[in-house]
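Following: one structure in structure tokens, then a few remarks.
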Amino acid sequence: MATDTLKSTTGAGGASGGLRRLLLDNGALTALIVLVIAMSALSGDFLTTDNLLNVGVQAAVTAILAFGVTFVIVSAGIDLSVGSVAALSATVLAWSATSAGVPVVLAVLLAIATGIVCGLVNGILISYGKLPPFIATLAMLSVARGLSLVISEGSPIAFPDSVSHLGDTLGGWLPVPVLVMIVMGLIAAFVLGRTYIGRSMYAIGGNEEAARLSGLRVKKQKLAIYAFSGVFAAVAGVVLAARLSSAQPQAADGYELDAIAAVVIGGASLAGGTGKASGTLIGALILAVLRNGLNLLNVSAFWQQVVIGVVIALAVLFDTLRRKAGATPVAAGASGGGKGRQAATYGLAAVVTVAIVGATSFLHNGSSSASAPKMGLSLSTLNNPFFVQIRAGAQAEAKRLGIDLTVTDAQNDASQQANQLQNFTSSNLGAIIVNPVDSDAASNSVKAADQAKIPVVAVDRTVNDAAVDTLVASDNVAGGELAAKSIAEKLGGEGKIVILQGQAGTSAARERAEGFAKGLKAYPGIRVVAQQPADFDRTKGLDVMSNLLQAHPDVQGVIAANDEMALGAIKALGSKAGKSVSVVGFDGTPDGLKAVEGGTLYASVAQQPSQLGKIAVDNALKALQGKEVEQTVKVPVKVVTKENVAGFSG
């Protein structure tokens with residue numbers, strides 16, 4: 001009856017009704033075409049072979065995760081654990097192949113098995129434990145992330161070279177992650193459209209009780225569905241780690257939301273019963289095109305989150321309108337003319353896109369005149385005042401020198417930073433300045449820039465296993481030693497202290513912790529009663545310090561790996577701060593210096609971040625002009641206390 005109604009409606013409307021029906025049934029594809037055309041018109045750097053391949057690479061991990069999530073959502077479930085499972089699977093592979101000495105082939109199988117086990121546990125909790133999918137997978141999100149940190153001890157693990165080739169290219173131009181994405185997409189499409197388990201997913205999602213009454217073993221099917229999701233998460237984790245040349249314990253953090261968004265944008269319903277692999281792929285490409293294009297247009301990462309949130313909301317709203325309008329649902333078993341019509345639609349879309357994009361490309365012909373030098377600055381985060389000051393120093397110097405500087409925020413995500421650096425490289429910028437989220441993870445992206453003959457300057461943290469023109473940094477290890485010496489001397493060489501560590505897996509956290517340990521060796525009377533990570537975050541510093549005070553109320557000193565955590569600790573200490581308990585921070589941020597002046601923060605190891613940004617831009621310009629630059633430019637650190645804070649300027 002729905003088909004008869006659809007036909008009569010289409011006939012009545014004529015050509016306009018047919019176009020309306022086409023747009024309603026292919027909303028995600030229409031949105032992707034509009035986005036590609038818009039980005040091509042707005043940025044002359046978007047429509048290049050290198051950049052389009054970048055989009056494919058940047059969509060790969062999200063798409064692979066989303067294919068697995070598609071199975072779950074089609075069956076009216078949800079899986080919040082896929083990002084953490086991806087990180088855990090990659091960590092298991094890297095650890096077993098390196099530390100445990102397991103053959104690489106077996107290590108890969110162990111990684112896949114890890115994904116399957118995580119998925120089966122989810123399925124058991126949901127099917128037999130009667131837990132809501134949201135709760136069960138939320139618990140697995142935490143467990144898998146925690147196990148990843150335990151196995152790796154909070155530090156990245158180098159990936160085996162034979163597996164790292166998954167992050168390379170074939171023939172020097174075709175990215176392997178894109179090929180893996182296509183293969184996993186075809187597998188997902190086959191499972192959904194051609195297998196018994198695929199038809200079961202649609203039946204369970206459409207009406208679980210009816211599926212059970214018709215003889216379907218719903219509980220066992222759910223085990224298989226969540227196991228499939230785990231397999232796809234494991235593959236995504238391996239591909240992501242291969243791109244970064246290391247298994248990052250904090251990798252793929254929040255990717256489960258992108259995966260769910262891709263599925264929903266692609267036309268699936270969270271109520272279950274509808275969805276397809278091709279729609280999921282389109283959803284992942286929409287997210288990748290959005291991020292890529294907004295980066296090229298120098299849109300703030302904060303606004304990018306706003307835009308993506310709006311797109312997700314519009315996708316769900318469009319799905320609601322589509323259903324009210326009686327558009328054809330995307331379900332299993334569409335065969336014959338339906339599939340032929342779908343292929344024709346995709347072919348027509350490709351032709352229209354190429355034609356319009358080709359026309360818009362003339363807007364950029366001859367417009368790239370050599371005016372101001374262009375540079376890109378990729379910062380690990382802008383949620384920390386220290387890096388905000390680096391940006392301020394860099395922007396002020398760029399303005400003074402007449403440089404067009406594009407600044408991006410990686411939000412402490414090594415893979416997002418890799419995407420940003422790829423975008424910089426494909427945009428043919430004059431020079432790139434990078435503040436790595438992780439020194440190992442940035443290496444492949446910097447190598448690509450080196451091959452493109454683009455000068456690269458590292459700021460605050462170095463890049464391992466890749467050539468940079470210069471490193472502009474203060475010494476984190478030396479700074480850590482100064483912090484330890486300051487607290488020890490303040491306490492007279494004896495006392496109990498706690499250490500608030502930075503975000504596990506980041507080079508800054510490791511180096512500062514190393515400096516703390518070295519500095520405290522000279523003071524055997526200082527006893528470290530607790531060390532806990534607070535992720536460079538003020539709120540977490542407050543929470544962690546509050547908890548530690550319950551176990552160690554007699555603590556006399558605190559060393560924090562940055563000022564933000566130190567300020568959180570001061571809040572937890574209350575009236576004790578600056579009196580019975582001395583706190584030492586790191587970075588010399590404005591808020592930190594105010595606390596030093598007020599006496600609640602005893603000292604801050606200041607790095608003069610604005611100077612780091614200024615000097616980085618100066619050296620990038622020298623390298624761009626072919627002038628000789630020093631291999632390492634050290635900006636001295638300084639212990640700022642109440643006695644000298646008045647004369648200090650960061």
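Below, each value reflects all heavy atoms present in this structure, side chains not excepted, and no hydrogens, waters or symmetry copies.
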When you measure from the side chain of [X] to the backbone N and O of [Y], does any donor-acceptor pair fall under 3.5 Å?
X	Y	answer
D535	D537	no
Q532	L548	no
D563	T589	yes
S96	L93	yes
S546	L542	yes
S75	V72	yes
S604	G588	yes

Applying side-chain contact (heavy atoms from CB on, under 4.5 Å), can you list everything that pairs with V180, at least two apart in sequence or on another chain?
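Only I64, L166, V176, M184, V235, V239 meet the side-chain contact (heavy atoms from CB on, under 4.5 Å) criterion with V180.
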Run L88 and R145 through side-chain contact (heavy atoms from CB on, under 4.5 Å) and show every step you take.
CA-CA 7 Å; L88 176 59; R145 184 69 65 185; over 6 Å; no
Step-by-step side-chain contact (heavy atoms from CB on, under 4.5 Å) determination, V498 to Q531:
CA-CA 6 Å; V498 300; Q531 299 186 62; over 6 Å; no
Could you give all pairs that pass the salt bridge (Lys or Arg N to Asp or Glu O under 4.0 Å) test and reach residues 245-259, with sequence neighbours left out?
D258-R291
Report the distance from atom [atom1] of [X] to atom [atom2] of [Y], rounding to the nearest 0.5 Å.
X	Y	atom1	atom2	result
L141	C118	CG	SG	11.0 Å
S152	I157	OG	CD1	5.5 Å
N476	E481	CG	CD	11.5 Å
L53	S426	CG	OG	9.5 Å
N444	S245	CG	OG	3.0 Å
L296	T406	CG	OG1	9.0 Å

Can you find a side-chain donor-acceptor pair between [X] and [Y] that sits under 3.5 Å?
X	Y	result
N51	N292	yes
S443	D465	no
N435	R391	no
T114	S89	no
S439	T462	no

Closer than 4.0 angstrom, basic N to acidic O: yes or no for [X] and [Y]?
X	Y	value
D475	R512	no
R461	D438	no
K518	E514	yes

Show your reasoning for whether side-chain contact (heavy atoms from CB on, under 4.5 Å) applies to L281 and F67.
CA-CA 8 Å; L281 176 61; F67 290 140; 4.1 Å; yes
How far apart are the closest heavy atoms of [X] and [Y], and which atoms are they?
X	Y	answer
F516	A483	CE2-CB, 3.8 Å
T137	L80	OG1-N, 3.2 Å
M565	L500	CE-O, 3.5 Å
A288	V55	CB-O, 3.7 Å
G479	V637	CA-CG2, 4.4 Å
V85	A233	CG1-CB, 3.9 Å

Do [X] and [Y] come within less than 4.5 Å of each other through their side chains, counting heavy atoms only?
X	Y	result
F386	D460	yes
I126	Y226	yes
F536	T381	no

Qualifying residue for side chain to side chain donor-acceptor pair (under 3.5 Å) with D587, from Q607, Q608, Q389
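It is Q607, the one option of Q607, Q608, Q389 that forms the side chain to side chain donor-acceptor pair (under 3.5 Å) with D587.
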Qualifying residue, where the test is side chain to side chain donor-acceptor pair (under 3.5 Å) with T408 and the options are Q416, Q417, Q420
Q420
Before giving the answer on side chain to side chain donor-acceptor pair (under 3.5 Å), spell out for Q58 and N423 the whole-Å C-alpha distance, their side-chain angles and the decisive distance to 0.1 Å.
CA-CA 10 Å; Q58 292 163 22; N423 294 341; 2.9 Å; yes
Take I499 and L520 through the side-chain contact (heavy atoms from CB on, under 4.5 Å) test and state the conclusion after the steps.
CA-CA 11 Å; I499 296 177; L520 291 173; 4.2 Å; yes
Crowded around K447 NZ? As in, over 12 foreign heavy atoms under 6.0 Å?
yes
Do you know which of V456, T425, I432, I454 makes side-chain contact (heavy atoms from CB on, under 4.5 Å) with V446?
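Result: among V456, T425, I432, I454, V456 is the only option passing the side-chain contact (heavy atoms from CB on, under 4.5 Å) with V446.
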Please enumerate all residues that pass ring pair (Phe, Tyr, Trp, His ring centres under 6.0 Å) together with F228, with sequence neighbours excluded.
F71
How far apart are the C-alpha atoms of R243 and Q422, what are their side-chain angles, what is the distance that settles it, and do they pass the side chain to side chain donor-acceptor pair (under 3.5 Å) test?
CA-CA 12 Å; R243 283 192 65 204; Q422 280 186 328; 3.2 Å; yes
